[in-house]
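The structure appears below as C-alpha cells.
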Amino acid sequence: MHDLLGINHLTLSTTDLDRLVAYYTEMLGARLAFERAATPADPRIAVIDVGGADHLMIVETATASTADLDPLNRAGWGLRVGTYAQLCEVRERIRVGGWPVGQIETLPTQWTMTARDPDGRPVDVRAHRPRTTSPQSTTGDGNPGF
C-alpha cells in the first residue's frame with residue numbers, strides 16, 4: 001500500500017483532560033495542536049502533536065479507561081524519540097515528575113521503556129538503535145524486537 005504514510009492519530013480517553021494533556025506535553029515533550037470544548041452532542045477533546053505528523057486525540061469521558069498491558073506485557077502502543085540520550089532524558093523527566101516509569105531495556109532494534117500516564121495507562125517510549133547487522137525477529141524471549 002504505497003498510499004499509507006503512517007498513523008494519523010491514536011485516541012485515548014480520560015476523566016481529566018487537562019492532567020493528561022499536561023503529562024504528554026510537559027513530561028514527554030509533545031505539543032498541544034488544538035482543543036475543542038464539549039458540546040451537547042460531543043465530549044471535550046484535545047489533539048496532541050507527537051511529531052512526524054502523528055497525533056494523540058484525547059477525549060474527556062465520564063468513566064476511566066483500562067490500564068492493562070498487552071499480551072506481550074507491553075503497552076500495546078508507543079511513542080518514539082530520536083536517540084538513546086533523549087530516551088534517558090525523557091525517563092529522568094518522568095521519574096523526577098513522580099510518575100511511574102520502568103528501566104530502559106535493550107531490544108534487537110530499539111531501546112524501550114514503559115511509563116504510566118496519570119490514568120495509569122501504559123505507554124512505551126522507544127528510540128531506534130543504529131543498525132549494525134541484520135535485524136533479528138525476536139528478543140530471544142519470544143517478544144518481537146520492534
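Note that this is a predicted model, so its numbers are computed, not measured.
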Group every Ile, Leu, Val, Met, Phe, Trp and Tyr by side-chain heavy-atom contacts under 4.5 Å, then state whether L32 and M27 land in the same group. yes

Grouping ILVMFWY residues whenever side-chain heavy atoms fall under 4.5 Å, the cluster of V59 otherwise contains F34, I45, V47, M57

Nearest heavy-atom neighbours spanning [X] and [Y]:
| X | Y | result |
| --- | --- | --- |
| T15 | A64 | CG2-N, 3.6 Å |
| W111 | H128 | CZ3-O, 3.6 Å |
| G76 | D124 | N-OD2, 4.2 Å |

Could D117 and R19 be called an ion pair, given the rule that one side-chain N must be under 4.0 Å from one carboxylate O? no

As an exercise, state the distance from [atom1] of [X] to [atom2] of [Y], rounded to the nearest 0.5 Å.
| X | Y | atom1 | atom2 | answer |
| --- | --- | --- | --- | --- |
| I104 | Y84 | CD1 | OH | 4.5 Å |
| L107 | T112 | CG | OG1 | 6.0 Å |
| E92 | E89 | CD | CD | 10.0 Å |
| E60 | D16 | CD | CG | 6.5 Å |
| C88 | M113 | SG | CE | 8.5 Å |
| I48 | D54 | CD1 | CG | 13.5 Å |

Got a donor-acceptor contact below 3.5 angstrom from the R31 side chain to the G51 backbone? no

Under the criterion side-chain contact (heavy atoms from CB on, under 4.5 Å), I'd like the reasoning laid out for W77 against L56: C-alpha separation, chi angles, the key distance, then a yes or no. CA-CA 11 Å; W77 73 284; L56 292 177; 3.6 Å; yes

Is there a side-chain contact between L87 and Q110 in this structure, where contact means two heavy atoms from C-beta onward sitting under 4.5 Å apart? no

Working for side-chain contact (heavy atoms from CB on, under 4.5 Å), residues E35 and V21: CA-CA 10 Å; E35 289 184 75; V21 166; 5.7 Å; no

Lys NZ or Arg CZ of R116 over W99 ring: under 6.0 Å, within 45°: no

Could you walk me through whether R91 and V81 pass side-chain contact (heavy atoms from CB on, under 4.5 Å), step by step? CA-CA 11 Å; R91 183 182 184 283; V81 297; over 6 Å; no

Could you check L12, I94, T114, L79 and say which one makes a side-chain contact (heavy atoms from CB on, under 4.5 Å) with V123? L79

Above 12 or not: heavy atoms from other molecules or residues under 6.0 Å from CZ of R93? yes

Run the side-chain contact (heavy atoms from CB on, under 4.5 Å) check on H55 and D49 step by step: do they pass? CA-CA 5 Å; H55 298 85; D49 181 344; 4.0 Å; yes

D119 and T14: side chain donor to acceptor below 3.5 Å: yes

